Structure formats: C-alpha cells, structure tokens
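Step one of this worksheet: look at the structure below.
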Amino acid sequence: MVTAVYTAADLRSRIAAIPRVHLAMLPTPIQRCPNLSRDLGVDLWVKRDDLTGPAFGGNKVRNLEWRMAEATSSGADILVFGVEITSNSARQTTAAANMLGLPLVLVLRGTVGDEVQGNLLCDLILGAEVRIVDLPAYHDLERAVGDVVAELRAEGRTPFSLNHGTMFARAAALATVENFLEILELLEPHDRRPAHIYISSGGKGLAGLSLTKKALGLPVRVVGVASTSNEDPWQYGAQVANDTAALLGLPVTVSPDEIEATFEYIGPGYGVPTPEGMDAILTFARREGILLDPVYTGKAAAGLLDHIRRGMVPQGVTVVFVHTGGQPALFAQSRALVQHIGGRD
Ligand SMILES: Cc1ncc(COP(=O)(O)O)c(C=O)c1O
C-alpha cells in the first residue's frame with residue numbers, strides 16, 4: 001500500500017479547523033547551539049517550547065489551547081484537574097484558567113515536604129484551589145477527580161474535568177504536530193532539515209511527532225526519551241497518533257513499530273534525578289546558557305548526548321532537541337543539584 005504524503009500547508013489548514021483559544025506565544029523560537037555543535041560534531045538546535053509564555057511556559061500551554069476550548073464550549077463555570085503534586089501541567093493549567101477567567105480546583109497526588117517549592121509554589125501563587133490527596137497509584141486520581149466533580153455538581157456548579165476531556169491526549173499530540181511544522185518553517189531560512197528530533201516523551205508528544213513524520217513522508221528519526229516507565233510509547237502512542245490523525249481527517253496510520261522510544265535514561269524512577277541527567281543540565285547550561293529540568297528534559301538530553309557519543313546519531317547531521325519546559329523542578333530539587341555540582345567542579 002502506498003501511503004499518501006501531505007504537505008505542511010495541508011496539515012496547517014487541518015489544524016486551523018479545530019477550535020482553540022489563544023494562550024501561547026507562538027511560534028516558539030529555535031535556538032542554534034554553536035558551542036555544543038562543535039563539541040559534539042553535529043549541527044544542534046533547541047526548539048524552545050519552554051518559552052510558550054504563561055507562568056514560565058512549557059509544552060502544556062500549547063495543548064491547553066484545544067483542551068480549554070473544549071472546556072469553555074461545554075459551558076463549564078469551574079474546572080477540575082487531577083495530577084501529580086510536582087506537575088508542570090498543574091502550573092500551566094492554572095495560568096490558562098486565570099487567563100480565561102475560570103476558577104480551577106487542582107486535585108494533586110502526593111505529600112507536601114518540608115518546603116513548598118517549584119510547581120506547587122506556583123500553583124499557590126496563581127491561586128488554584130489546591131486539594132492534596134495521598135493516593136497509592138496515579139490512576140486513583142480519576143476517582144478523586146470524579147468525587148470533586150460530583151461535589152461541585154451537588155452545589156449547583158457546572159464543572160468540567162480536564163482529565164476526562166475528549167481532547168486530553170489528542171491535544172498533546174496536536175501540539176507536537178504543530179511544533180514539528182514550526183521546526184521545519186524556522187529551519188528553512190537556514191537551509192536546514194532535521195535528520196533527528198529528540199523529545200522528552202514516552203507518550204502523547206512523541207505520538208504527534210511520529211504522526212507528522214509519517215504524514216509528511218520525511219526521512220527524519222524521531223526519538224522519544226521516556227521519564228516514566230508507566231507509559232507505553234508503542235501501543236498507546238500509536239493509538240494516540242491514530243486518534244489524532246482521525247481528528248485531522250488524515251487517512252494516515254502509525255503502527256507501534258514506527259515509534260522510536262527509549263526507557264534507558266529514566267534511572268531509579270519518575271522524578272528521581274540521575275547523575276547523567278544532571279550532567280546534561282550542566283552541559284546545556286554552561287555551553288549554551290539553556291536551563292533544562294531534572295525530571296524530563298535533563299534526562300532526555302542525557303539520552304541525546306549518549307546517542308551522539310555512541311554513534312547512533314551520525315556526525316554532521318542536523319539534530320533538533322525539543323525543550324518541553326519544566327524548569328521549576330530545578331528549585332524543588334535544588335539539594336540533589338547542588339550536591340552534584342559540588343561533586344563535579
Ligand atoms: C517538561 C515536560 N516534558 C515532557 C512531558 C511529557 O509530555 P507528554 O506526555 O505529553 O509527551 C511533560 C509532561 O508532563 C513535561 O512536563
């Protein structure tokens with residue numbers, strides 16, 4: 001079977017047909033990395049989706065444009081969102097809710113440590129109603145969110161659960177479809193096309209990039225570096241890619257074996273900093289002035305640097321690293337970072 005190949009302009013017009021609200025500052029810039037390019041022997045660029053704008057930015061602001069459009073069109077007068085207590089998504093969702101003038105209840109899984117820092121501090125500054133729940137598993141959050149929704153309904157409110165929105169996964173994939181197009185558009189004046197794209201994702205973001213590569217028929221390797229082993233980049237990723245293709249009206253199918261992901265750089269677990277991830281943070285900071293984070297992008301950059309050193313990325317090719325944000329975790333994990341810097345310098 002011959003798969004039809006679509007143009008970037010065609011994908012853009014399909015994206016434009018999907019209702020969205022305006023939240024992000026787009027396109028986000030692409031930054032050339034001359035020092036790291038010289039050090040590593042590749043032509044390295046960083047796509048700055050950490051610079052989407054509101055409340056320190058990050059990859060969620062872009063996808064919230066579609067998720068919030070769904071929420072507002074439902075007639076909701078209050079939003080509910082359940083997620084990990086350290087979540088970047090919670091921070092960006094609170095900023096988006098404020099911009100749209102909607103109150104938000106955050107149901108956050110975890111416990112508060114000695115000091116309120118990072119994203120949780122931002123959530124409190126931004127004024128979300130925070131309810132902390134100490135639940136054993138992430139999927140228990142769905143029930144906790146359902147309880148809050150029921151409670152609000154009983155009070156006569158019209159809540160919308162962002163966890164249960166039909167756009168939840170597809171908006172995250174749509175965001176990276178659009179981001180991929182921006183990468184191509186921003187590199188074009190430099191006469192460049194990416195040979196490799198690396199992103200911190202074992203799921204939705206990777207699904208969108210993999211779909212775009214397939215739809216445009218580009219000979220680019222898209223690699224997702226996972227930060228949690230709770231995701232299935234292959235089966236789930238293919239499902240999200242295909243649901244997103246359907247949303248765009250694209251008769252394109254992504255199969256699990258067309259998705260490239262690695263779990264090799266997670267370390268002891270989600271949110272636990274690794275020496276390699278912290279080394280990568282220092283490398284990008286000291287060579288290019290770019291701050292990564294210890295939970296997602298530092299580990300993804302560790303994967304990229306290791307793949308280059310191991311020859312899995314050929315010398316001389318153009319590589320784009322997608323910076324998805326998350327820097328407030330630098331402050332929440334300052335102890336590990338200070339110790340790492342002390343041990344290295
Ligand atoms: C900074 C950062 N990078 C990457 C991801 C992964 O995003 P996704 O699961 O949508 O691919 C997240 C998700 O929370 C994130 O906060």
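Worth saying up front: this structure is predicted, and the values here are computed from it rather than measured. Every number for a ligand or one of its atoms is a count from 1 in the order of the listing. Heads up: numbering here begins at 1 and tracks the sequence.
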Considering only heavy atoms, does Asn59 approach ligand 1 within less than 4.0 Å through its side chain, its backbone, both, or neither?
-> side chain
If you measure from each heavy atom of Ser89 to ligand 1, is any distance below 4.0 Å?
-> no
Looking at CG of Asn119 and CZ of Phe56, how far apart are the two atoms once the value is rounded to the nearest 0.5 Å?
-> 9.5 Å
Distance flag, aromatic centroids of Phe263 and Trp234, threshold under 6.0 Å = yes
Is the distance between the ring centroids of His307 and Tyr198 under 6.0 Å?
-> yes
Identity and separation of the nearest protein heavy atom to atom 11 (O) of ligand 1 = Ser201 OG, 2.6 Å
For Ser200, the ligand 1 atoms whose distance to one of its heavy atoms is below 4.0 Å | 3 (N), 4 (C), 5 (C), 6 (C)
If we number the atoms of ligand 1 from 1 as shown, the ones under 4.0 Å from a heavy atom of Gly325 are 1 (C)
Around atom 9 (O) of ligand 1, find the nearest protein heavy atom and jot down its residue, atom name and distance.
-> Lys204 NZ, 3.4 Å
Distance under 6.0 Å and angle within 45° of the ring axis: does Arg67 meet both against Phe81?
-> yes
Per-atom contacts, ligand 1 versus Thr324 - under 4.0 Å to a heavy atom = 1 (C), 2 (C), 3 (N), 4 (C)
Of Thr176, Val220, Ile259, the residue whose pairing with Leu209 passes side-chain contact (heavy atoms from CB on, under 4.5 Å) | Thr176
Would you mind checking if Glu264 and Lys299 are paired as a salt bridge, meaning a charged N to carboxylate O distance below 4.0 Å?
-> no
Short N or O distance, Lys60 and ligand 1, threshold 3.5 Å exclusive | yes
min-distance protein heavy atom vs atom 12 (C) of ligand 1 -> Tyr296 CE2, 3.4 Å
Taking the non-hydrogen atoms of Thr297, is any one of them nearer than 4.0 angstrom to ligand 1?
-> no
Please indicate whether any nitrogen or oxygen in Asn88 is less than 3.5 Å from any nitrogen or oxygen in ligand 1.
-> yes
Arg170 versus Lys204: any side-chain heavy-atom pair under 4.5 Å?
-> no
Please lay out, stage by stage, how Arg62 and Glu182 fare under the test salt bridge (charged side-chain N to carboxylate O under 4.0 Å, His left out).
-> CA-CA 13 Å; Arg62 193 192 279 272; Glu182 287 180 10; 2.9 Å; yes
Distance filter under 4.0 Å to Gly205 heavy atoms, resulting ligand 1 atoms = 8 (P), 10 (O), 11 (O)
